[in-house]
Amino acid sequence: MRGGNIMLDQKRIRNNPDEIRESLVKRNESTENLDRFLELDEKRRGLLTELEKLKNLRNTESEEIARLKKEGKDAAAKIEEMREVSDSVKSMESDLAEIEGELNTVLMSIPNVPHPSVPVGKSDDDNVEVRRWSQPTQFDFQPKAHWDIGEDLGILDFATASKVTGSRFVFLKGQACKLELALINFMLDLHTGKHGYVAVFPPFMVHRHSMEGTGQLPKFEEDAFKVTDTDYFLIPTAEVPVTNMYREQILDKSDLPIYHAAYSACFRSEAGSAGRDTRGLIRQHQFNKVELVKLVEPETSYDELEKMTNDAEDVLQTLGIPYRVVSISTADLGFTAAKKYDLEVWMPSYGRYVEISSCSNCEDFQARRADIKYRPGRGEKARYVHTLNGSGVAVGRTMAAILENYQQADGSVVIPEALRSYMGGLDRITKDNAMGRR
RNA sequence: GGAGAGAUGGCUGAGCGGUCGAAGGCGCGCGACUGGAAAUCGCGUGUACCCUCACAAAAGGGUACCGAGGGUUCAAAUCCCUCUCUCUCCGCCA
């Protein structure tokens, strides 16, 4: 197993280009960036060596000038000579900056190396089901889609949201509003109380560097909402602010592992998803999510991934929603992930399982970009941590799953047992109580 | 939004053109002293990148880094400009 040692740093790429090439091929990605990297890297080092020699000359001669002046001697010739050297230094520095700029862009665009246990695939058809919990829900009547259930009860209002904002937004009214908040609180309580996570309510906007730190930029800028006239982006997931809480830090070994459960709204432009999931709560520009984030020692990160996945599963089990766990193939693996499990819930309207959570081990990929290290022991060299993130879980999709899986023949929806205490004891949403007022 | 003050190594705190990777203190590590410890004394204590070596490690050499980015200068922690952040006061506001 080489899992814990994969480093996507420049030396690694330089010394093992074939490993990276293989990784890109597995991901069905072009190796263009890799080739460009190798080319630029060589250029850079050549130029750097020359430049540093010149700087060395300038430094030693400057000392000499200082000495001459102190002794009251004439240094004009040397000063003139160094003027020229400084000019060359300047022009070489600007060449170097240009190369490094491009090198950085290229480097930032190379995805993480998949873990050996990740199934190799050509498309999302090659994802491998790992396990199932419960069975697809059976109905003795014709089940409705959640958007129909919600609209019939008057608690989901897509039309008004289109009027007020645009498509892929929704107003949650009455019991839907309460249910959304109940789900958030339930999930936070479960993860903090039972699984040992520390709750976080993060900023919903971050600056560019944070987006780069967790890998959303520079490659996927079109997927994010940017606030005009600022450098702020609306977060696509709480993973971004929460992981970046620790950017540019050297943590103490005793701080690890760090577990956070963060509530946030999430904003996604869904560029490239035109025409997909146009109805209902499944694909919105804004949705709520409770996100799990871990910072751990490299040796433990794969165990931590299993545990995190189980923690997310616990949400669905406690709510009684049928689901399966899928190991994502190299074709479908996220940019930052070395390994990823998806949780998919049974969605009657789709007649199939639909993603409700992704749990990823990013190894040191994000830690390297965000510069998050820890010191393994006194006097020891700082190492990059491993970061993990997983939905625990997407709230809007959970609402959809509850509406569909808990729907009754009369159009009402039973509230899962575990949520009732969060809903003032309500056990069922009916047409009569849908607006939730007395 | 207005006025002011500040940002230096793990922390604290000097430095205000060359001798500064950066005094002093604290902390930490190693050693001496001790039966052991405390105190005391001595030595040491950043990171990144490049080069040399067949890779790596070690070692040696070099470059850079005093909030960030530019500029002036033979030479910048030190001078100039821009930006960011923090603190104080005033105003406004949920």
Side-chain angles (χ1 to χ4, degrees), chain A residues 2 4-20 37-104 106-108 201 203-213 227 229-233 241 244-255 364 367-385:
Chain A
R2 46 171 198 173
N5 295 319
I6 293 172
M7 300 192 203
L8 213 48
D9 68 339
Q10 304 199 25
K11 265 185 214 158
R12 180 80 183 200
I13 302 175
R14 184 152 72 224
N15 294 333
N16 308 286
D18 292 342
E19 181 192 26
I20 310 301
F37 169 86
L38 294 171
E39 190 186 328
L40 287 166
D41 180 58
E42 199 163 325
K43 254 170 117 179
R44 168 180 167 267
R45 284 183 301 145
L47 191 58
L48 195 59
T49 304
E50 260 184 84
L51 176 62
E52 288 186 349
K53 270 185 198 152
L54 268 191
K55 283 187 170 177
N56 179 232
L57 176 68
R58 184 176 70 180
N59 286 345
T60 52
E61 292 298 292
S62 284
E63 272 173 49
E64 184 66 12
I65 290 168
R67 220 200 67 227
L68 288 173
K69 284 202 159 183
K70 210 168 157 190
E71 292 172 3
K73 293 184 183 158
D74 178 36
K78 273 206 188 304
I79 288 177
E80 188 49 43
E81 196 186 324
M82 285 309 105
R83 201 193 307 275
E84 282 172 32
V85 169
S86 263
D87 285 346
S88 324
V89 165
K90 253 174 219 168
S91 92
M92 285 170 73
E93 272 180 338
S94 86
D95 291 349
L96 185 67
E98 199 176 312
I99 290 170
E100 287 189 334
E102 197 190 336
L103 193 63
N104 205 257
V106 167
L107 189 64
M108 295 285 270
F201 197 123
F204 291 179
M205 296 185 214
V206 295
H207 59 50
R208 175 172 295 276
H209 300 294
S210 292
M211 291 286 275
E212 286 169 352
V227 181
D229 299 328
T230 73
D231 195 35
Y232 296 156
F233 292 83
N244 277 287
M245 284 168 76
Y246 301 95
R247 62 180 298 116
E248 290 151 37
Q249 270 193 44
I250 297 176
L251 300 161
D252 203 86
K253 182 186 164 86
S254 62
D255 297 333
D364 66 4
R368 199 173 279 287
R369 292 173 158 233
D371 193 18
I372 308 171
K373 296 181 176 173
Y374 79 104
R375 205 172 293 284
R378 262 197 203 142
E380 284 188 59
K381 224 178 128 140
R383 304 169 71 197
Y384 288 109
V385 300

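Proteins come first, then strands; the chains are lettered A, B, ... in the order of their sequence lines, and each starts at number 1.
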Donor-acceptor contacts, no H, no angles, side chain residues 93-100 of chain A, under 3.5 Å, sequence neighbours left out:
| residue | atom | partner | partner atom | Å |
| --- | --- | --- | --- | --- |
| A:E93 | OE2 | A:K55 | NZ | 3.0 |
| A:S94 | OG | A:S91 | O | 3.2 |
| A:E100 | OE2 | A:R44 | NE | 2.9 |

Approximate separation, where rounding is to 0.5 Å, of A:K70 NZ and A:R67 CZ: 10.0 Å
For atom NE2 of A:H209 and atom P of B:U84, their distance in whole Å: 12 Å
Side-chain N or O of A:K90 closer than 4.0 Å to phosphate OP1/OP2 of B:U72: yes
A:N56 vs B:U63: side-chain N/O to OP1/OP2 distance below 4.0 Å: yes
Sugar-phosphate, base or nothing in reach of A:K69, heavy atoms under 4.0 Å: base
Distance (rounded to the nearest 0.5 Å) between A:E39 CD and A:L103 CG: 11.0 Å
B:A7 versus B:A77 - spacing of their C1' atoms, nearest Å: 12 Å
Reported CG-to-CZ distance for the pair A:N104 and A:F37, which is rounded to 0.5 angstrom: 10.0 Å
Polar side-chain contact A:E63-B:G18 base: donor and acceptor under 3.5 Å: no
Pairwise P distance, B:A37 and B:G46 [rounded to whole Å]: 27 Å
Pair A:D41 + A:R45, salt bridge at N-O below 4.0 Å: yes
Between P of B:G46 and NZ of A:K373, the distance in whole Å: 14 Å
For A:I65 against A:K78, the heavy-atom pair lying closest together: CG1-CB, 4.0 Å
Under-4.0 Å side-chain N/O to phosphate OP1/OP2 contact, A:N59 with B:A64: yes
N or O in side chain of A:R14 less than 4.0 angstrom from B:C50 OP1/OP2: yes
5' priority, RNA chain B, between A:T60 and A:A66 [closest heavy atom]: A:A66
Comparing A:L57 and A:Y232 on RNA chain B - which has the more 5′ nearest nucleotide: A:L57
Sugar-phosphate, base or nothing in reach of A:R67, heavy atoms under 4.0 Å: nothing
Nearest-angstrom distance from the residue atom NZ of A:K43 to P of B:C50: 18 Å
Sugar-phosphate only, base, or nothing, as touched by A:K55 at under 4.0 Å among non-hydrogen atoms: sugar-phosphate
Gap in Å between the two P atoms, one belonging to B:G70 and one to B:U78, rounded: 14 Å
Separation of B:G46 P from A:E248 CD (nearest whole Å): 21 Å
Distance between P atoms of B:C41 and B:G24 (Å, rounded): 14 Å
Interatomic distance where CD1 belongs to A:I65 and P belongs to B:C74 [whole Å]: 9 Å
Set of side-chain hydrogen bond (donor to acceptor under 3.5 Å, both in side chains) partners for A:S62, sequence neighbours left out: none
Whole-Å gap separating C1' (B:U72) and CG (A:D87): 13 Å
Separation of B:A75 P from A:L68 CG (nearest whole Å): 16 Å
Integer angstrom distance from the P of B:C80 to that of B:G17: 11 Å
B:A75 to B:U84 separation - P atoms, rounded to the nearest Å: 29 Å
Parallel, tilted or perpendicular: rings of A:F204 and A:F201 (30°, 60°): parallel
Dot-bracket summary - RNA chain B, pairs being Watson-Crick or G-U whose distances fall under 3.5 Å, with | when paired to another strand: ((((((((.[[[..)..(.....]]]((((((.......))))))(((((((......))))))).[[[[[..)....]]]]])))))))....
Any A:S86 side-chain N or O less than 4.0 Å from OP1/OP2 of B:U73: no
Distance in Å, A:I13 CD1 paired with A:L107 CG, rounded so as to fall on 0.5 Å steps: 5.0 Å
Interatomic distance where CD belongs to A:Q249 and P belongs to B:G10 [whole Å]: 13 Å
Separation between the C1' atoms of B:C92 and B:A3, rounded to whole Å: 16 Å
Presence of A:R45 side-chain N/O under 4.0 Å of B:C50 phosphate oxygens OP1/OP2: no
Between B:U12 and B:G18 - P atom distance, rounded Å: 26 Å
